[in-house]
Amino acid sequence: MATALPQRPVTGIFWMLVTGLCFIMVTALVKYMGPRLPAAEAAFLRYAMGLVFLLPAISALRSAHLTRRHWSLFGLRGIFHSMGVMLWFFAMTRIPIAEVTAMNYLAPIYVTMGAAVFLGERLAARRIVAVCLGLLGAAIILRPGFREVSMGHLAMLFAAVVFAGSYLLAKILADEVKPAVVVAMLSIFVTIGLAPFALSVWIMPTWHEITILAGVAFFATAGHYTMTLAFAAAPVTVTQPVTFLQLIWATALGAIMFDEAIDIWVVIGGFVILGSVTFITWREAMLKRQITPLSHATKV
């Protein structure tokens with residue numbers, strides 16, 4: 001009989017802190033690079049260079065017995081995720097880092113709604129309350145009628161929706177295919193999906209920009225790896241609260257490195273969204289269901 005692995009909460013918290021720093025580096029590098037490269041091209045280059053990290057998964061891909069249904073689901077997920085990545089890159093260079101980070105946490109809220117509509121999950125009272133709180137947090141950040149809602153804000157709203165669609169498809173595939181195959185196929189299909197959009201707006205990147213995007217690929221991959229280490233070391237109820245620090249780091253980074261004004265309403269709205277996601281995650285972990293993704297699971 002298999003025994004559960006020993007829990008190491010301090011180790012889990014440490015790896016989740018490293019995960020947050022990796023993802024903050026991703027946003028910092030994209031912000032630093034600026035908007036000269038079109039969003040589709042920047043996203044394509046990030047994923048194309050990230051394919052090198054798939055080398056360890058080649059054996060898993062070769063041994064996978066994928067059906068036509070699997071290929072269709074992988075292709076559909078690639079479409080959703082490609083759209084989300086393009087929208088994220090577009091927003092990242094046009095609105096403050098703190099706003100991108102806060103609004104990115106909306107994806108788990110949309111997943112909760114999508115799980116009820118498309119996967120037949122029961123929308124219990126706790127989920128309804130959490131969804132309402134998440135949408136309230138978004139309203140606090142955007143404050144329509146009291147501030148200008150830019151194209152960057154709209155891009156992040158739609159990015160969270162398509163990222164949620166990508167996660168729901170991943171949830172279906174993860175029950176039938178090895179995790180390494182799910183991750184590898186996402187990278188392959190997103191690279192393919194972004195290619196025509198990138199070619200249509202292609203601008204020759206400089207070596208400086210290529211180096212930055214290589215760094216984005218590295219830190220994004222490292223973040224997902226350390227996140228896995230955190231989950232292996234400690235339960236989600238221990239590691240989830242650490243994700244609150246990402247919003248604080250993003251706000252500080254924007255203020256110190258990019259001279260972005262600190263908007264207290266963005267911080268409040270972000271914490272409202274994060275609070276709702278944390279509540280859902282904690283309750284579902286207690287019930288051993290874990291349908292809602294962790295609040296940072298949609299990073300590029």
Side-chain angles (χ1 to χ4, degrees), residues 43 47 50-51 53-54 56-88 104-124 126-128 130-131 134 157-194 220-221 223-225 227-228 230-232 235-236 240 276-277 280-300:
Y47 268 89
L51 290 177
F53 298 110
L54 296 184
I58 289 179
S59 60
L61 287 172
R62 294 177 63 181
S63 62
H65 300 289
L66 302 179
T67 64
R68 179 177 297 180
R69 175 176 172 275
H70 290 147
W71 285 105
S72 298
L73 291 176
F74 279 128
L76 183 59
R77 190 188 181 205
I79 292 172
F80 281 154
H81 213 85
S82 296
M83 293 171 59
V85 170
M86 284 190 289
L87 290 167
W88 186 89
N104 196 53
Y105 292 125
L106 281 172
I109 302 299
Y110 295 143
V111 167
T112 299
M113 299 165 64
V117 175
F118 299 108
L119 300 183
E121 298 290 347
R122 188 169 64 90
L123 199 60
R126 65 180 179 278
R127 288 190 180 181
I128 295 174
V131 167
L157 284 175
F158 284 109
V161 172
V162 291
F163 275 140
S166 173
Y167 182 85
L168 288 171
L169 289 168
K171 180 75 171 67
I172 296 171
L173 287 162
D175 292 335
E176 305 174 16
V177 183
K178 291 181 179 179
V181 175
V182 175
V183 173
M185 293 298 282
L186 174 66
S187 296
I188 292 170
F189 272 95
V190 171
T191 303
I192 296 172
L194 290 171
T221 304
H224 284 289
Y225 178 69
M227 184 170 60
T228 303
F231 296 160
V236 67
Q240 176 70 7
S276 67
V277 172
I280 295 176
T281 307
W282 175 76
R283 283 294 299 161
E284 290 182 357
M286 293 296 96
L287 298 173
K288 306 298 183 183
R289 297 177 66 185
Q290 187 62 37
I291 291 139
T292 302
L294 302 188
S295 57
H296 44 271
T298 56
K299 289 289 184 181
V300 299

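In this chain, residues are counted from 1 in sequence order.
To the nearest 0.5 Å, atoms OG (Ser63) and CD1 (Ile58) are separated by 12.0 Å. Here the straight-line distance linking atom OG of Ser82 with atom OH of Tyr47 works out to 8.0 Å at 0.5 Å rounding. Between Met113 atom CE and Leu168 atom CG the span is 11.5 Å, to the nearest 0.5 Å. Between the CZ atom of Arg77 and the CG atom of Leu173 there is a distance of 7.0 Å, given to the nearest 0.5 Å. Atoms CG and CD1, from Leu194 and Ile79 in turn, are 11.5 Å apart once rounded to the nearest 0.5 Å.
Side-chain contact between Leu157 and Tyr110 is present, with at least one heavy-atom pair separated by less than 4.5 Å. Put simply, the side chain of Thr67 does not reach to within 4.5 Å of the side chain of Glu176, judged on heavy atoms. For the pair Val85/Phe163, a side-chain contact is recorded, criterion being any heavy-atom separation below 4.5 Å from C-beta on. Looking only at side-chain heavy atoms (C-beta outward), Phe189 and Trp71 come within less than 4.5 Å of each other. Proximity of Val162 to Met86: side-chain heavy atoms (C-beta onward) are nowhere separated by under 4.5 Å.
The aromatic rings of Phe74 and His70 sit tilted, their planes meeting at an angle between 30° and 60°.
Here the closest non-hydrogen pair linking Leu61 and Val181 is CD2-CG1, 4.0 Å. Taking every heavy atom of both residues into account, Ala160 and Leu106 meet most closely at CB-CB, 3.9 Å. The nearest pair of heavy atoms linking Leu169 to Leu73 is CD2-CD2, 3.8 Å. When all heavy atoms are compared, the tightest approach of Ser276 to Ala130 is CB-O, 3.2 Å.
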